[in-house]
Visitor: 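Provided herewith is a single structure, encoded as structure tokens, for subsequent inquiry.
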Amino acid sequence: MSADYINAFTRPISISARDTALVVVDMQYASGSRHHGLGAHLARQGTLAEAEYRFHRIESLIIPNTQKLLAAWRAAGAPVIYLTVGARNADLSDAPPHLKAFFEVCNNHEGSFENGIVEALKPMPGEAIVPKNTMGAFASAPLGEVFDRLGVKTAVYVGVSTNNCVDTTAREAADRGYGSILVSDATGTCSDRMQEVTLESFQRLWGRVVTTDAAIGELTQSAHAKAA
Amino acid sequence: MSSYLEALTWPVAIDPADTALVVIDMQYASGSRQHGLGAHLARQGKLGEAAYRFDRIDNVVIPNTQRLLAAWRAARAPVIYVTLGARKADYSDAPGYLRDFFKLCHNHQGTRENDIVDALKPMVGEPVLLKNTMGAFASTPLAALFDELGVRTAVYVGVSTNNCVDTTAREASDRGFASILVADATGTCSEAMQQSSLESFRRLSGRVVSTDEAIRELAHPAAKKAA
């Protein structure tokens, strides 16, 4: 695609154990598991195959790579933050109208099984879990305050869906002065095409896109540099 | 391609009583091939890279936005302009990731580049909100303005579809306002990016309409509701 004229303006940002958080976005049973929530809803309708790409990517790529990233971030003593999506109230009355039907079919509200983070990526004690009832975290959660309290200047985002909650939150963070980085092989959405175009758009001004290996390499190097 | 999310997307209607037209970033800074970004690329001999963008603005975005403005004004429905740029001449108020872009476009309050293009000039009394971020909610009182004007739904036009337009519309949806993008009155760097942005937006965030559809529905809101 054309238009690399914008890429030239994009600010370089780096990953450092001192000020870079790993932010795991919406890796919940509600829409991150083929057996629950959205997956169960589609199965009941006989249309689970439509989401095969999504769930296969979550199982074979996002979860294993997020596990690698979590291990690296924890080993480096760098901040790990979880975001979740879902209504606060069981009657979904607090949800914005554009998300109400989605929360409803996923049975996604605080306290439901579907609202829980998938077992494979369970937070460790002391790691911040920030619930939001919107796509972007800044509309309904104090993520900016959590960043400031933990000394976070840059955040590395993983999870689902790349073009919705992940991208929206990362953009909001950039607009509020934080560096934003998406991990290409630890995020996912409905198709490869949507994944690629979302990353391409994000790289134009908003922030940086890296692989899991590159993120871990840069984090580890910064931790060693700090120790030296 | 998956349509399972489109089925869950909130239906929203255009009604002159509560639907604003929001014109985004149609300024000389990045909306004109002769100024700002266009002039910068021309100096580098790379204006050709942005031919798609400026052709679309000249031939599609501006004429259709003129038609929408005429319809909204005739219906006495609210028209709001949002602009992009630094507030200060030293760009110190801009978020880090936008500073170089603003500098190269010479885009801060008071410059010619910061002005809205003549073809789409606001009328007296129409609000103009300057944001120094991509999303309007991060740096302007757009939500308070919506509330003051009784706006429940906003129809967005302008540039760039995947940046300031889409971000502002998503932010509005997250804050309980209904959001609609006009497919042929928005634009970005390529047809592929345009189509993908609209496709993504339709999946939960809101609705996508054509200029004709928006104007027709504004004139006949009841017909839509009865249907």
Side-chain angles (χ1 to χ4, degrees), chain A residues 1-6 8-11 13 38 41-42 45 47-48 50-51 53-54 95-106 132-136 138-140 161 163-164 167-168 171-172 174-180 189-191 193-194 196-198 200-202 204-207, chain B residues 1-5 7-10 12 37 40-41 44 46-53 95-105 131-135 137-139 160 162-163 166-167 170-171 173-179 188-190 192-193 195-197 199-201 203-206:
Chain A
M1 206 176 288
S2 75
D4 55 358
Y5 57 87
I6 293 286
F9 304 151
T10 305
R11 181 177 59 144
I13 39 182
L38 177 65
H41 164 74
L42 296 174
Q45 299 197 318
T47 54
L48 183 57
E50 280 184 33
Y53 167 90
R54 175 187 180 87
H98 73 304
L99 293 178
K100 208 167 278 184
F102 182 55
F103 291 165
E104 198 167 0
V105 303
C106 297
K132 59 185 169 55
N133 62 5
T134 50
M135 291 242 205
F138 287 83
S140 63
S161 294
N163 55 314
N164 287 329
D167 178 51
T168 304
R171 292 185 189 194
E172 287 177 324
D175 263 352
R176 286 157 181 82
Y178 304 100
S180 294
T189 179
C190 58
S191 71
R193 194 171 53 80
M194 188 59 79
E196 293 310 319
V197 80
T198 303
E200 183 193 332
S201 177
F202 191 78
R204 306 182 70 239
L205 292 180
W206 294 101
Chain B
M1 193 54 217
S2 52
S3 59
Y4 54 87
L5 287 182
L8 299 174
T9 303
W10 182 34
V12 289
L37 176 64
H40 165 75
L41 294 173
Q44 299 198 318
K46 297 200 292 194
L47 187 55
E49 283 183 28
Y52 168 90
R53 175 187 181 86
Y97 81 107
L98 287 174
R99 211 164 284 159
D100 285 350
F101 183 57
F102 289 167
K103 274 185 197 165
L104 282 164
C105 297
K131 60 182 169 51
N132 60 9
T133 51
M134 293 256 211
F137 289 82
S139 62
S160 294
N162 55 313
N163 288 330
D166 176 56
T167 304
R170 291 190 203 188
E171 287 178 323
S173 295
D174 265 351
R175 285 157 181 83
F177 303 103
S179 299
T188 181
C189 58
S190 72
M193 186 64 79
Q195 293 309 326
S196 302
S197 302
E199 182 188 324
S200 175
F201 189 77
R203 307 181 74 237
L204 295 182
S205 291

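Below, each value reflects all heavy atoms present in this structure, side chains not excepted, and no hydrogens, waters or symmetry copies. Throughout, protein chains are lettered first and strands after them, A, B, ... in sequence-line order, and every chain is numbered starting at 1.
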Visitor: Between B:Ser205 and chain A, with a heavy-atom cut-off of 4.5 Å, which part of the residue counts as in contact: side chain, backbone, both or neither?
Guide: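 Both backbone and side chain of B:Ser205 come within 4.5 Å of chain A.
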Visitor: Sort A:Ser201 into side chain, backbone, both or neither according to what part of it lies under 4.5 angstrom from a heavy atom of chain B.
Guide: both
Visitor: Identify the heavy atoms of A:Phe138 and A:Arg176 that sit nearest to each other, and give their distance.
Guide: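 Minimum heavy-atom separation between A:Phe138 and A:Arg176: CD2-CD, 3.3 Å.
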Visitor: Output all residues satisfying ring-ring contact (aromatic ring centres under 6.0 Å, His included) with A:Phe102, sequence neighbours left out; order by chain, then residue number.
Guide: none
Visitor: Looking only at atom types and distance, does a side-chain atom of A:His41 sit under 3.5 Å from a main-chain N or O of A:Val105, one as donor and one as acceptor?
Guide: no
Visitor: Hey, are B:Asp166 and B:Ser197 close enough side-chain-wise for a donor-acceptor pair under 3.5 Å?
Guide: no
Visitor: Most heavy-atom pairs under 4.5 angstrom with chain B, which of A:Leu42, A:Asn133, A:Thr189, A:Leu99?
Guide: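 Among A:Leu42, A:Asn133, A:Thr189, A:Leu99, the one with the most close pairs to chain B is A:Leu42.
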